[in-house]
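This report refers to the structure that appears directly beneath it.
Worth knowing before you read on, the calculation uses all heavy atoms, side chains too, and leaves out hydrogens, waters and symmetry mates.
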Amino acid sequence: ALVVSNCSFTWNDAFSGHGAGGGAAGSGAFVGISGNGGAGGRAGGAALYCLASATLVNSTFYENYARGGDSAAGGQQSNSSGTRGAAGGDAAGAGLWCGGICNVTNSTFSANSVVGGDGGDGGNGPLLGGDGGRGGYGMGGGACNAGTLRLVHCTLVGGNSLGGVGGEAGSGPFPGTRGADAPARG
């Protein structure tokens, strides 16, 4: 078990990787199709990422930042339709990401921010364009709970969560639709 007492976690960043572009179409007697781009990664717990049990007492989490990765554009299917762009990477809990049992007492979470990654654009197609991917979720600027989180006499102030922007529609005679912007969650 992790025990933290009288500590400050300040100006820590967690940046996730961006999705790489898909491969180019091959050439020759049988022309290939372009590959799908990769999905952006998830980011969280810039100051403290806890999967097991933890006890935090009299500690400060200040101006920590987590940013999900942007996704690359979709490719093309064998039926000549563009593929959907991948969703942007989620970002959660810049100050604290709790996946186990975390007990936090007399602590302050101030000005921590998360931003979800942008969705990948839909792939272009000679007939149908692919849909854009949704933006990544931004969840819990100060703290995000995926387990059990107990806060006693704590202050959470000035945190910010922002969802990523949806990817653009792929082009074609019948274009895809733009991906949804992700809402912020807490």
For Arg42, look at atom CZ and say whether over 12 heavy atoms of other residues, nucleotides or ligands are found less than 6.0 Å away. no
Can you give me the closest heavy-atom contact between Gly40 and Ser71, atom names plus distance? N-OG, 2.8 Å
With the 4.5 Å side-chain cut-off for hydrophobic clustering, are Leu151 and Val4 part of the same group? yes
Under a 3.5 Å distance rule, please check whether Asp181 uses its side chain to pair with a backbone N or O of Gly166 as donor and acceptor. yes
Single-linkage hydrophobic cluster, 4.5 Å side-chain cutoff, Val57 and Leu149 together: no
Does the pair His18 and Asp118 meet the rule for a side chain to side chain contact (heavy atoms under 4.5 Å, CB included), with working shown? CA-CA 9 Å; His18 298 304; Asp118 293 341; over 6 Å; no
Return yes if some donor-acceptor pair links the side-chain N/O of Thr105 with the main-chain N/O of Val152 below 3.5 Å, else return no. no
Rounded to the nearest 0.5 Å, what separation is found between the CG atom of Asn79 and the CG atom of Leu128? 7.5 Å
Could you check whether Asp70 pairs with Arg67 (Lys NZ or Arg NE/NH1/NH2 to Asp/Glu carboxylate O, under 4.0 Å)? yes
Output all residues satisfying side-chain contact (heavy atoms from CB on, under 4.5 Å) with Ala47, sequence neighbours left out; order by chain, then residue number. Phe9, Asn12, Phe61, Asn64
To the nearest 0.5 Å, tell me how far Thr55 OG1 sits from Arg150 CZ. 9.5 Å
With side chain to side chain contact (heavy atoms under 4.5 Å, CB included) as the test, pick out the partner of Tyr65 among Val115, Asn160, Val114. Val115
Can you give me the closest heavy-atom contact between Thr148 and Asn145, atom names plus distance? N-OD1, 3.3 Å
For Gly68 against Ala91, the heavy-atom pair lying closest together: N-CB, 3.6 Å
Hey, can you tell me if Trp97 and Tyr49 have their rings parallel, tilted or perpendicular (30° and 60° cut-offs)? parallel
Option from Asn106, Leu96, Val3 for which side chain to side chain contact (heavy atoms under 4.5 Å, CB included) with Leu56 holds: Leu96
How close do Ala92 and Cys144 get, heavy atom to heavy atom, and via which atoms? CB-SG, 3.7 Å
Can a donor-acceptor pair be found, under 3.5 Å and without considering hydrogens, that links the side chain of Ser107 to the backbone of Ser59? yes
Between Thr177 and Asp131, do the side chains contain an N or O donor and an N or O acceptor separated by less than 3.5 Å? yes
Linked, directly or transitively: Leu48 and Leu156 (ILVMFWY side chains, under 4.5 Å): yes
Looking only at heavy atoms, which two atoms of Ala87 and Ala39 are closest? And how far apart? O-CB, 4.3 Å
To the closest 0.5 Å, what do you measure between CZ (Arg84) and CG (Asn36)? 12.0 Å
Side-chain (Asp121) to main-chain (Ala73) donor-acceptor, under 3.5 angstrom: no
What are the two closest non-hydrogen atoms of Met139 and Ser161, and how far apart are they? C-OG, 3.9 Å
By side-chain contact (heavy atoms from CB on, under 4.5 Å), Thr10 pairs with (sequence neighbours left out) Ser8, Tyr62
Mark yes or no for whether Gln76, through its side chain, and Asn124, through its backbone, hold a donor-acceptor pair below 3.5 Å. yes
